[in-house]
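Written out below as structure tokens is the structure these notes cover.
Count residues from 1 along the sequence. Nothing here was measured: the structure is a model prediction, and the numbers come from that model.
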Amino acid sequence: MLKAILPLFFSACIGQAVAQPDSTAPHEDDLSEKPLRVVVPYMGDAPGQGPEHPLVDVIRQWRTETGRAIMIERFPFKRSLMMAASGEADFHFPLIKDQDETVSALPFGYSSTTIFTINFVLYTRRGVSLDMNNLQNYRIATHGGHANLFPFLVIEDHSVEGSLRKVESGRIDGFIFADAGTDPILFDLGLMGIQRQLYKVYDVHAVIAHEEKGGPVDQFITEATRNMDRAILGLAMVDQPYRDWQMGDDSVPALVQSAK
């Protein structure tokens with residue numbers, strides 16, 4: 001259903017692809033305002049293949065609720081991000097924000113409002129305790145493109161399944177990534193030798209050009225987020241409190257069990 005729905009929030013996916021406009025966008029003549037151009041990266045679905053990422057529906061909901069014409073296009077991650085940074089697109093969605101970043105040093109800006117939050121979870125071998133205050137002393141992996149989120153050296157891997165199997169076999173000490181993108185795979189694989197614990201909750205924003213901070217597009221994102229039906233985020237397994245379940249428990253969330 002929604003297997004691995006967040007595997008490339010901050011992926012360094014490089015390459016060219018033909019954009020896929022959302023054919024249901026209103027015609028420009030329908031509204032007096034200029035249509036917004038929104039770019040969304042491929043996240044777990046190769047260009048032209050696989051299920052569409054459910055968070056695209058967040059933008060569709062904004063379009064429905066605000067009446068604003070929005071053209072949604074999908075590109076490889078780096079291209080999508082740079083289109084927003086340069087002003088070629090009005091904004092890129094979504095992107096995890098590291099609160100410790102110096103935003104002025106980045107080539108892009110973040111929306112003023114947090115759209116939702118995402119739980120990053122540390123997956124380790126069952127029965128093995130890591131010192132959470134000294135994770136730099138261990139062999140820790142994360143999904144490709146997310147290394148900048150950590151204050152210690154991590155290994156960038158490009159397969160959630162592969163990383164989990166490395167944890168279980170002892171090839172690495174831990175794997176840190178979004179529970180929404182990892183828990184369904186962990187459950188599907190039935191890896192009883194892995195335990196999980198919360199590492200950190202991150203905010204997720206849209207990306208805009210620096211000069212657009214506080215401008216009309218930024219204000220639109222703030223207003224649309226304030227009025228959106230947040231149930232759609234629950235279906236995407238984000239913006240949820242962390243649940244401390246373990247493999248073999250009878251408390252595995254239903255969404256995790258159905259996200260296949």
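H92 places a side-chain N or O within 3.5 Å of a backbone atom of P94 that can act as its donor or acceptor partner. A donor-acceptor pair under 3.5 Å links the side-chain atoms of R68 to the main chain of K34, judged by distance alone. Within the 3.5 Å criterion, the main-chain N or O of P76 finds no donor-acceptor partner in the side chain of S80. Between the Q197 side chain and the V121 main chain, no donor and acceptor come within less than 3.5 Å of each other. The main-chain N or O of I176 is found under 3.5 Å from a side-chain atom of T142 such that the two form a donor-acceptor pair. Looking at D173, its side chain does come within 3.5 Å of a backbone N or O of R139 through a donor-acceptor pair.
In this pair, H146 and F177 present their aromatic rings perpendicular. The plane angle is above 60°, beyond the 30 to 60° band. In this structure, Y202 and F120 have perpendicular ring planes: the angle between them is above 60°, well past the 30° mark.
The two residues M228 and Q61 have their closest heavy-atom pair at CB-OE1, 3.1 Å. When all heavy atoms of L191 and M247 are compared, the closest pair comes out as O-CG, 3.5 Å. Contact between S163 and D157 at its shortest, heavy atoms only, is OG-OD2, 2.8 Å. Taking each heavy atom of A180 and I118 in turn, the nearest pair found is CB-CD1, 3.9 Å. Taking all atoms of both residues into account, the shortest heavy-atom contact from Q195 to R126 is OE1-CA, 3.4 Å. Minimum interatomic distance between D218 and S112 (heavy atoms only, all atoms of both residues): OD2-OG, 2.5 Å.
No side-chain heavy atom of V201 sits under 4.5 Å from any side-chain heavy atom of Y242. Residues D131 and N137 have side chains not in contact (no heavy-atom distance under 4.5 Å, counting atoms from C-beta outward). Side-chain contact between M237 and P184: present, with at least one pair of heavy atoms (C-beta onward) separated by less than 4.5 Å. Contact of the F175 side chain with the V160 side chain is registered, since non-hydrogen atoms from C-beta on lie closer than 4.5 Å. The shortest side-chain heavy-atom distance between I96 and L149 falls under the 4.5 Å cut-off. Counting heavy atoms from C-beta outward, V238 and V204 have side chains that stay 4.5 Å or more apart.
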Report the C-alpha distance between V58 and I232 in whole Å, list the side-chain angles of each, state the deciding distance to 0.1 Å, and finish with yes or no for side chain to side chain contact (heavy atoms under 4.5 Å, CB included). CA-CA 7 Å; V58 171; I232 195 172; 4.1 Å; yes
I221 and F93: side chain to side chain contact (heavy atoms under 4.5 Å, CB included), yes or no, with the steps? CA-CA 10 Å; I221 295 168; F93 172 81; over 6 Å; no
Verdict with reasoning, W62 to F220, per side chain to side chain contact (heavy atoms under 4.5 Å, CB included): CA-CA 9 Å; W62 289 359; F220 168 84; 4.1 Å; yes
Test side chain to side chain contact (heavy atoms under 4.5 Å, CB included) on L189 and R165 and set out the steps. CA-CA 9 Å; L189 294 173; R165 292 193 183 279; 3.3 Å; yes
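Atom CG of N227 sits about 7.0 Å away from atom CD of E65, to the nearest 0.5 Å. For the atom pair CD of E73 and CZ of R79, the computed distance is 9.0 Å after rounding to the nearest 0.5 Å. Taken from CE in M82 to CZ in F75, the straight-line distance is 14.0 Å, to the nearest 0.5 Å. To the nearest 0.5 Å, atom CG of residue L95 and atom CG of residue D203 are 11.5 Å apart. Separating the CG atom in D183 from the CG atom in D188 is a distance of 12.0 Å, to the nearest 0.5 Å. For the atom pair CD1 (I72) and CZ (R63), the distance works out to 4.5 Å, reported to the nearest 0.5 Å.
Environment of CZ in R230: crowded, with over 12 heavy atoms of neighbouring residues, nucleotides or ligands closer than 6.0 Å.
Ring-centre distance between F108 and Y110: below the 6.0 Å cut-off.
I172 and L153 fall into different hydrophobic clusters, defined by Ile, Leu, Val, Met, Phe, Trp and Tyr side-chain heavy atoms under 4.5 Å apart, directly or through other members.
A donor and an acceptor atom, one from each side chain of H205 and T113, are nowhere located under 3.5 Å apart. The closest side-chain donor-acceptor pair between Y199 and D179, if any, does not fall under 3.5 angstrom.
In this structure, R196 satisfies the cation-pi test against W245, with its NZ or CZ atom closer than 6.0 Å to the six-membered ring centre and inside 45 degrees of the ring normal.
For the pair D90 and R37, the salt-bridge criterion is not met [side-chain N within less than 4.0 Å of a carboxylate O]. Under the 4.0 Å criterion applied to side-chain N and carboxylate O atoms, R226 and E223 are assigned as salt-bridge partners.
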